[in-house]
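Have a look at the structure below before the remarks.
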Amino acid sequence: MSKNITRDLTEVLQTEQKKYYPSKKILKNANVPDYEKTLKTANKDTVKFWEKAAEDLIWFKKWNKVLDKKNKPFYKWFVGGKCNLAYNALDRHIEEGKGNKLAIIWEDETGKTKKYTYQALYEEVNKMANALRGIGIKKGDRVAIYMPNIPEIAISMLACLKIGAMHSVVYAGFSAGALEGRIKDARAKILITADGSFRRGKIIDLKKIADEAVKKCKTIKKVIVVKNNQAKIKFNKRRDIWFHDFIKDQSIETKLTKMDAEDPAFVLYTSGTTSKPKGVVHVHGGYSVGVLRTIKWVFDLKGDEIFWCTADPGWITGHSYIIYGPLMAGVTTVMYEGVPDIPTPDRVWKIIEKYNVNVFYTAPTLIRAMMRYGLKWPKKHKMKSLRILGSVGEPINPEAWKWFYNHVGKRRCPIMDTWWQTETGMNMITPLPSAPLKAGSACKPFPGIIADVVDKNGKKVPAGKGGYLIIKNQWPSMIRTIYRNPKRYKKTYWSQVKNAYFTGDVAFKDSDGYFWIQGRTDDVLKIAGHRIGTAEVESAFVSHKSVVEAGVIGIPDNIKGEVIKAFVILKKNVKGTEALKKTLKKLVRKTLGPIAVIADIEFVEKLPKTRSGKIMRRVLKAKELGLPLGDTSSLV
Ligand code: WTA
């Protein structure tokens, strides 16, 4: 089992048992004032709990069965129900007379801003939906989206859902090769992209990357391009069309496609054990229910908040908590396209003050990066509007937790450390504002979720002992399948521990029942909160003619959480020079994108392997970090 080095288990158990209690004010306002009682009631009958949660949404037709377990593990929720995720995020608010309310506030790195009311967003989405229909996009078709954090990404995603098409958003930090692979797997019919994006003052030429990716994708008929920052781009007149021209003459009303609760809403690719990413499929009904209930309870939304989640829409956090969650809850969501320290290291705190952000949901890597700049920057800002803070993406080390609590939340704002995954769709292990907190613990499972820590035989381990994190029940926003690969779905998540969902994470529970997440078992890396597979990186290395084999591990990094160290076997007679290291680093970056940060490459003669030939990354890691080797019985 891997050990996450950002925290030492025994140290955490001894020092981080202090409880942080919510203030009277937080408690008085809380949507869920009695934490323990709510957990107890919900967990008595989790299916009933989720059925009740579904009543927060508008359904065109009510379901006749809440949870269908007939074809395990292909669980179905709200069977027979009719709904639409986009309807609950938009149309519903218009019908309820809230069209004038702000839906999106967007700002880019240069300071340019745009605002959309729910009415304005509704109209743009309808225009886009009509335009998509106009070029023949139908229910069930896949639309690839490769865009920066701009309002048009939300418009495009919502428009797909309105007509029943599935979107497949690919993070704009991925390379052409990664985009190409995802488009091909999803067999997407069109691609929506942008001319470029700003990053640290430089323009990233997204269109060029998109062009390269699409070259080999036969399914792509059209490329729609948002004019975002006037980057000079090449335009293929037969295939490309500007986004503004595409929607120009369209009606601001459209016919909404009523979906079955179990109809897929989107596919989102994420990294796993092999070099081929998994297309995680989420559906209209259950996903809406899980995301709306969690955002309302975890972040205590009443409907008039300004909500800022600093993720990117290209990841699940962006899907659920920049776009669908805030919009379903009818609040204002902030989108920021840029880095957090331009022009000064208080850009983030400035944005919070400028827009009176009430809920700020970010990642440990950002907090640690801000810590490095010193207290001077958050001290300049009172950030009085803040009420609740959130953390996601990787374990938050107690030191970062306390810094966030003291200097951003000014000891007023509880921190919701939310553990979850692309596959779970929603927050799974997380406090609620009324819960007592411990610095560095994700607290307990959300009401209606039963989680546990077990050994490899599925046996519960005692408090304080590490083991595999599993989920023992079903929940509405759970992954339905891996796109075009149901076998892999079954094998990855439902065959490791009997009758439980296997998360791939290691954790321990303390004697209060609080969960402490330790990180992944050894196949997935978290670099600055971005999920990337060791196998994907290894496959990039071996695509070089001089490389025979590569083994990749994550090593601790004070800011990014993890960075990559690679052990590479070269072909005979090839010299392991510094120049070759440079070339290989570049190659990986080109294959996967700039998120694949290679800290170090070591040329080796051999890699530790199992008898069946699998590289034992766990052994590489233990050696690298001077940790105990653990069970090496399968090592050759
Ligand atoms: C890790 C991101 C500790 C975990 C939402 C999980 C976390 C993986 C936390 C999923 C947290 C996410 N504490 N670890 N609060 N949140 N993780 O699919 O290892 O990008 O399995 O989803 O991130 O990453 P993904």
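Since we're looking at a predicted model, the values are computed, not measured. Note that ligands are numbered from 1 as they come in the structure, with each ligand's atoms numbered from 1 the same way.
W419 pairs in a side chain to side chain donor-acceptor pair (under 3.5 Å) with only one of the listed residues (T503, T424, D505), which is D505.
Annotation: cation-pi geometry not satisfied between K76 and F74 (NZ/CZ under 6.0 angstrom from ring centroid, within 45° of ring axis).
Remark: ligand 1 and W315 share no N or O pair separated by less than 3.5 Å (distance only, no angle test). At under 3.5 Å, not a single nitrogen or oxygen of T503, backbone or side chain, sits near a nitrogen or oxygen of ligand 1. For ligand 1, none of its N or O atoms has an N or O atom of E423 under 3.5 Å away. Between T422 and ligand 1, at least one pair of N/O atoms sits closer than 3.5 Å.
Closest to atom 19 (O) of ligand 1, if we only count protein heavy atoms, is D505 OD2, 2.8 Å. Looking at atom 24 (O) of ligand 1, its nearest protein heavy atom turns out to be K526 NZ, 2.8 Å. Looking from atom 16 (N) of ligand 1 to the surrounding protein, the closest heavy atom is G393 N, 3.1 Å.
Aromatic ring centroids of F49 and W297 lie under 6.0 Å apart.
Distances below 4.0 Å separate heavy atoms of T317 from the following atoms of ligand 1: 5 (C). For ligand 1 and I316, the ligand atoms under 4.0 Å from any heavy atom of the residue are 5 (C), 22 (O). If you number the atoms of ligand 1 from 1 as listed, the ones under 4.0 Å from a heavy atom of T418 come out as 9 (C), 11 (C), 15 (N), 16 (N). Close approach of ligand 1 to I517 (heavy-atom distance below 4.0 Å) involves ligand atoms 3 (C), 14 (N).
Residue contacts with ligand 1 for R531 involve side-chain atoms from C-beta outward but no N, CA, C or O (heavy atoms, distance under 4.0 Å).
Note on ligand 1: G504 sits outside its first shell, no heavy atom being nearer than 4.0 Å. Under a 4.0 Å heavy-atom criterion, W420 is in contact with ligand 1.
In this structure, W308 and I352 have side chains that are in contact, with non-hydrogen atoms separated by less than 4.5 Å. The closest side-chain heavy-atom distance from W420 to I449 is not below 4.5 Å. At least one side-chain heavy atom of I598 sits less than 4.5 Å from a side-chain heavy atom of V537. The shortest distance between side-chain heavy atoms of I450 and N43 falls below 4.5 Å.
Checking T270 against R531 by side-chain atom types alone, a donor-acceptor pair falls below 3.5 Å. Looking only at atom types and distance, the side chain of Y468 has no donor-acceptor partner in the side chain of Q496 under 3.5 Å away.
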